[in-house]
Amino acid sequence: MSEHSRFGIYYLPPKGPIAEFGAQWLGWDIELGHVCDRPYVAGIEDVTLAARKYGFHGTLMPPFRLAEGATREALEAAADGIAKRHPPIRLSGLELSVIGGFLALTPVGDAPALQGLAHDMVAELDRLRAAPTPAEIARRRAAGLTPSQEANLVRWGYPYVMDEFRFHMTLTGKLTGARRLLAETAIRERLPELPRPFDMAEIALVGERTDGMFQTLHRYALTGRSA
């Protein structure tokens, strides 16, 4: 039996100022698997609580349980194979945005190569994915889904994939009004300079531990040739 209850494929920034900022802001270092001392900002002490367990990341394949008969070794081989077909991705840059009511880093401009990578991850790893439980489906539906998101939930086990996918690196839970402004100000004060362009050269397999926290298991270089 695996020591991890769920697995996912993430983009994780490499070691450096952006990764360090994300770990410290959320209070969890997903690479090393340990708690970080996070900055105290009065009035928004709890804004990273929901995001903390997942670490600072951009989701490519949402966390899932392995299907009966599927193995971590098969998952690793499949992820490696996809990474070897996709070349490194160059984004125009990253920017701080509001998406779905929460603050996150998102790509500047269009990112078709990133969309394609996420599409292939979801489509090709689907055979290894266990179906969501009725409770998980009910929780997703409770958020209020569009017809497209509902179709994704039924087919792929998660609403925000395929045409509904929007890459983002979450920094807070949902916020409104003064609390959002306070969080945005605190983030901008601490956020390192974001490079333009911004290059993504690898993806990562992550696992959910028995304590509910996610940790990096393996990184895969994107080594495919550009068309």
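For D29 (side chain) and A23 (main-chain N/O), no donor-acceptor pair under 3.5 Å exists by modelled atom type.
Here the closest non-hydrogen pair linking F64 and L128 is CE1-O, 3.9 Å. When all heavy atoms of P132 and I137 are compared, the closest pair comes out as CG-CG1, 3.9 Å. A pairwise comparison of heavy atoms in L26 and G55 identifies CD1-C, 3.5 Å as the closest pair. Between L145 and Y160, the shortest heavy-atom contact is CD2-OH, 3.6 Å. Here the shortest heavy-atom pairing between F167 and G58 reads CE1-CA, 3.5 Å. The shortest heavy-atom contact between N152 and V161 is ND2-O, 2.9 Å.
Crowding of D37 atom CG: a count of heavy atoms from other residues, nucleotides or ligands under 6.0 Å not exceeding 12. Other residues, nucleotides and ligands contribute only 12 or fewer heavy atoms inside 6.0 Å of the CD atom of E193. For D110, the CG atom sits in a loose shell: 12 or fewer heavy atoms of surrounding residues, nucleotides or ligands are nearer than 6.0 Å. Residue D199 places its CG atom among more than 12 non-hydrogen atoms of other residues, nucleotides or ligands, all under 6.0 Å distant.
Under the 4.0 Å criterion applied to side-chain N and carboxylate O atoms, K53 and D211 are not assigned as salt-bridge partners. Between E184 and R188, at least one side-chain N (NZ, or NE/NH1/NH2) sits under 4.0 Å from a carboxylate O, which counts as a salt bridge. The pair R140-E136 does not meet the salt-bridge criterion, since no charged nitrogen lies less than 4.0 angstrom from a carboxylate oxygen. Classification of R85 and E124 as a salt-bridged pair holds, one side-chain N sitting under 4.0 Å from a carboxylate O. Between E31 and R219 there is a salt bridge, since a side-chain N of the basic residue sits under 4.0 Å from a carboxylate O of the acidic one.
Results of the ring pair (Phe, Tyr, Trp, His ring centres under 6.0 Å) test with H168 over Y11, Y10, F102 single out F102 as the only residue that passes. For the side chain to side chain donor-acceptor pair (under 3.5 Å) with E208, the lone residue among R65, Q215, R6 that qualifies is R6.
Geometrically, R38 engages W25 in a cation-pi contact, judged by NZ or CZ lying under 6.0 Å from the ring centre and within 45° of the ring axis.
Summarising the geometry, atom CE belonging to M61 is positioned 6.0 Å from atom CG belonging to D126; distances are rounded to the nearest 0.5 Å. Remark: Q115 CD to L60 CG distance equals 10.5 Å, nearest 0.5 Å. The CD1 atom of I99 sits 11.5 Å away from the CG atom of L171 when rounded to the nearest 0.5 Å. To the nearest 0.5 Å, the span separating CD on Q149 from OH on Y158 amounts to 10.0 Å. Atoms CZ and CG, from F165 and L114 in turn, are 5.0 Å apart once rounded to the nearest 0.5 Å. If you take CD1 on I187 and CG on L103, they are separated by 4.5 Å, rounding to the nearest 0.5 Å.
Using modelled atom types, one finds no donor on one side chain facing an acceptor on the other under 3.5 Å when comparing T216 with H218. Counting only N and O atoms by type, the side chains of E202 and Y220 include no donor and acceptor under 3.5 Å apart. R52 and T48 are linked by a side-chain donor-acceptor pair at a separation below 3.5 angstrom, with hydrogens and angles left out of the test.
Hydrophobic cluster membership is shared by M162 and I89, with clusters built from Ile, Leu, Val, Met, Phe, Trp and Tyr side chains linked at under 4.5 angstrom.
Between F7 and V206 the shortest side-chain heavy-atom distance does not fall below 4.5 Å.
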